[in-house]
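Note sheet for the following structure.
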Amino acid sequence: MTTTEPVDDLGYDAIEASAALAGDSRDPYPDLAVARQRTPIQRGDFIPDIPRDPDGPESFTVYSCDLATQVLRDNRHFSSEVYVEMMGPVMGHSILEMDEPEHRIHRALVSQAFRQKALARWEEELVGSVCDELIDRFVDAGRVDLVRSYTFPFPVQVIARILGLPREDYPKFQRWSIELISVGWDWDRGIAASHSLRDYFKGVVDQRRREPRDDLISDLVCAEIDGDQLTDEEIFAFLRLLLPAGGETTYRSSSNLLFCLLTNPDQLDAVRNDRSLLPQAIEEGIRYEPPLLFIVRSAVTDVEVGGMQIPKGSAISVSLGAANRDPSKFEHPDRFDIFRNARQHVSFGFGAHMCLGMHLARMETRVAMNRLFDRLPNLRLDPAADDVHVHGLMFRSPRELPVIFDPA
C-alpha cells in the first residue's frame with residue numbers, strides 16, 4: 001500500500017499519537033442518549049477520570065440541544081476563561097479563553113485574515129494543489145489508507161501554506177499541533193511544543209514586520225481596527241491555536257465524513273453523481289460524527305440551567321455529540337442521512353465563540369472530497385479491511401480508512 005508517512009525525522013508517528021489522544025471508546029452515543037434522556041443536565045462529568053480537585057468547584061454536563069445553545073450563547077452567565085487553566089499554558093492568551101469585550105475586539109482583528117476574498121484565493125491556489133499533490137502519490141496504486149495518506153496530512157499542509165511556511169517544516173508542525181493538545185496527558189511535551197512554536201514564529205513574525213508578504217502571518221501583523229493592532233504575543237497565541245484547531249479538527253471531520261459515505265454506498269453514489277449535494281453531506285457528517293464531543297464553560301454567577309442551580313465558578317461541559325443527536329431537534333438522529341431537512345448543529349459551537357475557521361474548514365473539506373471523487377474512480381471501502389470504525393471519547397475519527405479504486 002502506498003502511503004504518505006507523517007513521521008518526522010525523529011521517528012515520531014503523528015497518527016499514532018493522534019489516535020492515542022482520541023482514546024479507545026468505540027461508540028459513546030448510546031450512553032450519551034441515556035444520559036440526555038435521564039436529564040438534560042446532570043451534576044458531574046460524563047467522561048471518566050477527568051482530574052478534578054475534590055475541594056474545587058462543582059462540575060456539570062449539558063446534553064440537550066436547547067441547553068447547549070443556551071449555555072454557549074449566554075456570555076453574561078458563562079465564561080470561556082476556564083480554558084486559561086486548561087490550555088493557556090501552551091496556547092498563551094488566545095481567543096479561545098477571552099470574554100467580552102476583549103473577545104469581540106480580538107476576533108474582529110484576526111477575522112480580517114479570513115475574509116471571503118482570501119478563502120476564494122486559498123481554494124484556487126492552495127487547497128486544491130495540496131490535495132492533488134497528495135493524490136498524485138497514490139493515484140496509480142489502486143488502494144490506499146486515506147487517513148494516513150490524505151485526510152491527516154492535508155489540513156496542516158494547507159495551514160502551513162496559508163501561513164507562508166517552508167514545505168520541509170510540515171511534519172514538525174503536525175507533531176507540534178498534537179503535542180499541544182496532549183498537554184493534559186503529557187505536560188512536559190506540550191510545554192516544549194509551545195516554546196518551540198513561539199521561537200519558530202518569532203523569527204517569521206519579525207521578518208513579516210520588516211517585509212510583509214501575501215500570507216496570513218503578514219495579514220495578522222498588519223491587521224488594525226481603530227488604531228488597535230495585535231501584539232507579537234497575541235499573534236503567537238493565535239498561531240498556536242490555529243495549528244490544532246485548523247489541522248486536528250479538519251482532519252478528523254473529513255475522515256469522519258468519508259467513513260460515513262464509504263459505509264453508506266448509496267449516499268456516496270448520490271454525492272459522487274451530484275456534487276451539489278456535497279455541502280449538505282458535509283453538514284450531516286459533522287452533525288453525526290463531530291470531531292470534538294465536548295467543550296467547556298465556567299459559571300461567572302449563580303445561575304439556573306434546565307431547572308438546576310449552578311453555583312458560581314462551576315465547570316460546565318457541553319456535550320456537542322449529545323446535542324447533535326437530540327431527537328427533539330433531529331428526526332432519527334442516530335442515522336446518517338445527507339437528505340434530512342437541514343437544522344443547525346452545534347459542532348462549530350454557538351454564539352460569540354462560534355468557530356472562526358468554520359468557513360475555511362467547510363471549503364477545505366469540499367475541495368478534498370471533490371478531488372478524491374474526480375481522481376479515484378469507483379472509490380470504495382476495501383472489502384478486506386478489518387473492522388474499520390470511528391473511535392474516541394473527546395476527539396473522534398477513524399484510525400484508518402483502507403480503500404480501493406480503479407487505477408487512473
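In this chain, numbering begins with 1 at the start of the sequence shown.
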### Task
Walk me through it: do Met308 and Glu304 pass the test side-chain contact (heavy atoms from CB on, under 4.5 Å)?
CA-CA 5 Å; Met308 184 172 287; Glu304 180 182 310; over 6 Å; no
### Query
Does the pair Lys312 and Val303 meet the rule for a side-chain contact (heavy atoms from CB on, under 4.5 Å), with working shown?
CA-CA 7 Å; Lys312 178 181 178 179; Val303 62; over 6 Å; no
### Task
For atom CZ of Arg121, decide whether the heavy atoms of other residues, nucleotides or ligands shown that lie under 6.0 angstrom number more than 12.
yes
### Query
Is Lys202 salt-bridged to Asp232, cutoff N-O under 4.0 Å?
no
### Query
Yes or no on ring-ring contact (aromatic ring centres under 6.0 Å, His included) for Phe201 and Phe236, after CA distance, side-chain angles and deciding distance?
CA-CA 7 Å; Phe201 282 132; Phe236 300 150; 7.3 Å; no
### Task
Compare all side-chain heavy atoms of Glu364 with those of Trp122 and state whether any distance is below 4.5 angstrom.
no
### Message
Which residue in the set Leu360, Leu278, Thr250 passes side-chain contact (heavy atoms from CB on, under 4.5 Å) when paired with Thr365?
### Response
Thr250
### Message
Given His345, which partner from the list Glu284, Lys329, Glu283, Arg325 fulfils the side chain to side chain donor-acceptor pair (under 3.5 Å) test?
### Response
Glu283
### Message
If the threshold is 4.0 Å, N to carboxylate O, is there a salt bridge linking Asp206 and Arg209?
### Response
no
### Query
For the residue pair Pro89 and Ser194, what are the closest heavy atoms and their distance?
O-OG, 4.1 Å
#### Entry: Validation row: Leu293, Arg396 side chains within 4.5 angstrom (heavy atoms)
yes
### Task
Mind listing the closest non-hydrogen atom pair of Cys65 and Ala323 along with its distance?
CB-O, 3.5 Å
### Message
Less than 4.5 Å apart, side chain to side chain, heavy atoms only: is that true for Asp374 and Arg275?
### Response
yes
#### Entry: Side-chain donor/acceptor of Ser64 to backbone N/O of Leu67, under 3.5 Å
yes
### Message
Given 3.5 Å as the limit, does a donor-acceptor pair link the side chain of Asp302 with the main chain of Pro311, or not?
### Response
no
### Task
Report the relative orientation of the aromatic rings in His389 and His391; use parallel for angles under 30°, tilted for 30 to 60°, perpendicular for over 60°.
perpendicular
### Candidate pair Phe154 and Tyr251, rule ring-ring contact (aromatic ring centres under 6.0 Å, His included), full reasoning
CA-CA 8 Å; Phe154 98 82; Tyr251 124 65; 9.4 Å; no
#### Entry: Spacing of CD1 belonging to Ile47 relative to OG belonging to Ser319, to within rounding of 0.5 Å
8.5 Å
### Message
Parallel, tilted or perpendicular: which one describes the rings of Tyr150 and Phe138, with boundaries at 30° and 60°?
### Response
perpendicular
### Query
Can you tell if the side chain of Ser80 reaches within under 4.5 Å of the side chain of Met98, non-hydrogen atoms only?
no
### Message
Using a 3.5 Å distance criterion without hydrogens, assess whether the side chain of Asn264 forms a donor-acceptor pair with backbone atoms of Cys260.
### Response
yes
### Query
Would you find a donor on one side and an acceptor on the other, under 3.5 Å apart, between the side chain of Arg371 and the backbone of Asp132?
no
### Query
Under 3.5 Å, is there a donor-acceptor pair between the side chain of Glu100 and the main chain of Arg104?
yes
### Task
Please report the shortest heavy-atom distance between Gly92 and Ala237, naming the atom on each side.
C-CB, 4.2 Å
### Query
Does a side-chain N-to-carboxylate-O contact under 4.0 Å join Arg340 and Asp337?
no
### Task
Give a yes or no on whether the backbone of Asp214 and the side-chain of Ser218 come within a donor-acceptor separation of less than 3.5 Å.
no
### Expected output: side-chain Thr61 to main-chain Gly44 donor-acceptor under 3.5 Å
yes
#### Entry: Pair Glu233 + Arg198, salt bridge at N-O below 4.0 Å
yes
### Task
Can you establish whether the number of heavy atoms outside Glu224 located under 6.0 Å from its atom CD is more than 12?
yes
### Closest non-hydrogen atom pair between Phe78 and Val71, with its separation
CD1-O, 3.7 Å
### Task
Check whether any side-chain heavy atom of Leu379 lies under 4.5 Å from a side-chain heavy atom of Leu262, and answer yes or no.
yes
### CZ/Arg76: more than 12 non-hydrogen atoms of other groups inside 6.0 Å
no
### Rounded distance [0.5 Å steps], CE in Met91 versus CG in Leu239
11.5 Å
#### Entry: Name of the residue among Glu289, Arg26, Arg252 meeting side-chain contact (heavy atoms from CB on, under 4.5 Å) with Val390
Glu289
### Message
Do Tyr288 and Asn324 have side chains that approach each other closer than 4.5 Å (heavy atoms only, starting at C-beta)?
### Response
no
### Query
Looking only at atom types and distance, does a side-chain atom of Glu234 sit under 3.5 Å from a main-chain N or O of Ser94, one as donor and one as acceptor?
no
#### Entry: Audit row: Asp326, Tyr63, side-chain hydrogen bond (donor to acceptor under 3.5 Å, both in side chains) steps and yes/no
CA-CA 8 Å; Asp326 188 335; Tyr63 296 101; over 6 Å; no
### Query
Salt bridge or not for Arg107 and Glu102, using N-O below 4.0 Å?
no
### Query
Are Asp387 and Arg399 within salt-bridge range, i.e. N to O under 4.0 Å?
no
### Query
For Asp215 and Arg208, which heavy atoms make the closest approach, and how far apart are they?
OD2-NE, 2.8 Å
### Message
When you compare the side chain of Leu146 with that of Leu258, does any pair of heavy atoms fall below 4.5 Å?
### Response
yes
### Gap separating the OG atom of Ser59 from the CG atom of Asp45, nearest 0.5 angstrom
3.5 Å
### Query
Does the side chain of Asp27 come within less than 4.5 Å of Pro30's, by heavy atoms?
yes
### Query
Taking atom CG of Asp199 as the centre, does the number of heavy atoms from other residues, nucleotides or ligands within less than 6.0 Å exceed 12?
yes
### Message
Nearest 0.5 Å, please: how far is CZ in Arg287 from CZ in Phe330?
### Response
6.0 Å
### Gln280 side, atom CD; Leu277 side, atom CG - distance, nearest 0.5 Å
5.0 Å
#### Entry: Minimal non-hydrogen separation, Gln229 against Val221, with atom names
NE2-O, 3.6 Å
### Message
Does this structure show an ion pair linking Arg161 with Glu133, if we count only N-O contacts that are shorter than 4.0 Å?
### Response
yes
### Query
What is the distance from atom OG of Ser254 to atom CD1 of Ile282, rounded to the nearest 0.5 Å?
9.5 Å
#### Entry: Audit row: Ser397, Asn256, side-chain hydrogen bond (donor to acceptor under 3.5 Å, both in side chains) steps and yes/no
CA-CA 6 Å; Ser397 60; Asn256 291 346; 5.0 Å; no
### Query
With no hydrogens and no angle check, is any side-chain donor or acceptor of Ser347 less than 3.5 Å from a backbone partner on Ile286?
yes
### Within 6.0 angstrom of Glu58 CD, more than 12 heavy atoms from elsewhere
yes
### Task
Taking Asp274 for its side chain and Ala270 for its backbone only, find out whether a donor-acceptor pair lies under 3.5 Å.
no
### Val205 and Ile217: CA distance, side-chain angles, deciding distance, side-chain contact (heavy atoms from CB on, under 4.5 Å) verdict
CA-CA 7 Å; Val205 168; Ile217 292 180; 4.1 Å; yes
